[in-house]
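These notes concern the structure reproduced below.
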Amino acid sequence: MATTDEIIKRTAPSHLIDHNLIDRDVESLCDGMVRYEKRPAQRRDGNAVEGLYNAWIIFNNPKQFNSYTTDMVKATILAFRRASADRQVNAVVFTGVGEKAFCTGGNTKEYAEYYAGNPQEYRQYMRLFNDMVSAILGCDKPVICRVNGMRIGGGQEIGMACDFSVAHDLANFGQAGPKHGSAAIGGATDFLPVMIGCEQAMVSGTLCEPFSAHKAARLGIIADVVPALKIDGKFVANPTVVTDRFLDEYGRVVHGEFRTGSQFKEGQAMIKDGEIDLSLLDQKVEELCAKLLDTFPECMTKSLEELRKPKLNAWNQNKENSRAWLALNMMNEARTGFRAFNEGTKETGREIDFVKLRQGLAVGTPWTEDLVDSLMPAAAK
Ligand SMILES: CC(C)(COP(=O)(O)OP(=O)(O)OC[C@H]1O[C@@H](n2cnc3c(N)ncnc32)[C@H](O)[C@@H]1OP(=O)(O)O)[C@@H](O)C(=O)NCCC(=O)NCCSC(=O)C1=CCCCC1=O
């Protein structure tokens, strides 16, 4: 009987059709701000497998916490299409450079300086954003979000569109929408209720309070969490988060909540003085890739397609309405909120005086340029 190798050698065709939309490097579409790397797939024993790879799609905009510009969104759509069509790729690892941020969402500088006040332009941007989220949800390969740091705003949304998330435990998660002039309708309002229930989704999507990776694991937004802080060469859990007990004296769950007061400050000092090492994160990601490799490919894809449906159906039901509303929202609250963030500083703050705005609207004050300018953090000082 012929061996599998002999059969492959005898029957594999000499020419294969390229199903990619365009034949250009992803990096060339965005000055290298999105990188596409095919890394050898590994078996569970860590040995590389000949001819099989995992596609790493990497946001490379660290100065702006790996936020995505319009060009980065275009490149990401094509990167996921490339990975989806590449016969050698078995899984996708979606991540960012560095250890501070996976992604903090849309680029607030571009939002404030180009899209603010231009709903017709933001509508076209949101076509691209919607296609990016759909490209993740429609990828024929399993998608792992390697959470290398904070996952905020649209970063949380594209992260939740992935099939698996593995995070280091210094990463924070959360939305920014209603604090910065937007609404988390770029996926979070579709995915959060499905993933963590309506009550916790409401808390995250409206109050915009960040939460730890340990809490994200407890809520079910991520599949796994690993330490990244080393003190004297030894990995330790995030010292700003409660990880040494589950309940408080009243029986309430406190595991994963942020410490407070001096304990939080001491934890911050430990992180500042410690060493950040993402080797356990990479080990956990490679382990997951190896498990995914050890399956029938079509059965894996079918399983992904079915298990994605709760998120995908919610997303498909709302994404076009969301796009239209977000575009028009660029006339008032988004224009105000993103300008405030972009023009604000640590000293003036980066958010408007929400009470002052509400007081003005309560007496029917119209949205004028003067009102928007008066709400900028520097003007309020
Ligand atoms: C809470 C933060 C994520 C972290 O805060 P902090 O640790 O205090 O850092 P900062 O001093 O705020 O930021 C450090 C520098 O990074 C720049 N930065 C941070 N985030 C972005 C971003 N998203 N785009 C561009 N630049 C960013 C920041 O300006 C600082 O640089 P500088 O030179 O000014 O010193 C906090 O950073 C934060 O809240 N960031 C913004 C989060 C945000 O609002 N994202 C957009 C949300 S809306 C969105 O993503 C959407 C997606 C699609 C659907 C529609 C939509 O709205």
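Just follow the structure's listing: the first ligand is 1, and inside any ligand the first atom is 1.
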*Can a donor-acceptor pair be found between the side chains of Y111 and Y125 at a distance below 3.5 Å?*
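Yes - a donor-acceptor pair under 3.5 Å links their side chains.
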
*Rounded to the nearest 0.5 Å, what's the gap from CG on N321 to CD on Q317? Could you check?*
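Reported value, rounded in 0.5 Å steps: 9.0 Å.
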
Pick out the protein N or O atoms lying less than 3.5 Å from any N or O of ligand 1, and list each pair with its distance.
from: ligand 1; atom 1: 8 (O); to: K346; atom 2: NZ; distance (Å): 2.7
from: ligand 1; atom 1: 11 (O); to: K346; atom 2: NZ; distance (Å): 3.2
from: ligand 1; atom 1: 20 (N); to: T104; atom 2: OG1; distance (Å): 3.1
from: ligand 1; atom 1: 23 (N); to: T104; atom 2: O; distance (Å): 3.1
from: ligand 1; atom 1: 23 (N); to: T104; atom 2: OG1; distance (Å): 3.1
from: ligand 1; atom 1: 23 (N); to: G106; atom 2: O; distance (Å): 2.9
from: ligand 1; atom 1: 24 (N); to: S67; atom 2: OG; distance (Å): 3.2
from: ligand 1; atom 1: 24 (N); to: T108; atom 2: N; distance (Å): 2.9
from: ligand 1; atom 1: 24 (N); to: T108; atom 2: OG1; distance (Å): 3.0
from: ligand 1; atom 1: 29 (O); to: R350; atom 2: NH1; distance (Å): 3.3
from: ligand 1; atom 1: 34 (O); to: R350; atom 2: NH1; distance (Å): 3.4
from: ligand 1; atom 1: 34 (O); to: R350; atom 2: NH2; distance (Å): 3.1
from: ligand 1; atom 1: 44 (O); to: H180; atom 2: ND1; distance (Å): 2.6
from: ligand 1; atom 1: 45 (N); to: T104; atom 2: O; distance (Å): 2.9
from: ligand 1; atom 1: 50 (O); to: G106; atom 2: N; distance (Å): 2.9
from: ligand 1; atom 1: 50 (O); to: G154; atom 2: N; distance (Å): 2.9
from: ligand 1; atom 1: 57 (O); to: S182; atom 2: OG; distance (Å): 2.8

*asked:* Are L312 and F80 linked, directly or through intermediate hydrophobic residues, by side-chain heavy-atom contacts shorter than 4.5 Å (ILVMFWY only)?
replied: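 Yes: a chain of side-chain contacts under 4.5 Å links F80 to L312.
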
*From F59, F164, Y68, residue fulfilling ring pair (Phe, Tyr, Trp, His ring centres under 6.0 Å) relative to F94*: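 Going through F59, F164, Y68 one by one, the ring pair (Phe, Tyr, Trp, His ring centres under 6.0 Å) with F94 is satisfied by F59 alone.
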
_Between L128 and T70, is the side-chain contact (heavy atoms from CB on, under 4.5 Å) condition met? List the steps._
CA-CA 8 Å; L128 295 168; T70 305; 3.7 Å; yes

*For residues 212-223, which residue pairs qualify under salt bridge (Lys or Arg N to Asp or Glu O under 4.0 Å), counting only residues two or more places apart or in two chains?*
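Every pair satisfying salt bridge (Lys or Arg N to Asp or Glu O under 4.0 Å) with a residue in residues 212-223: K215-E257, R218-E257.
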
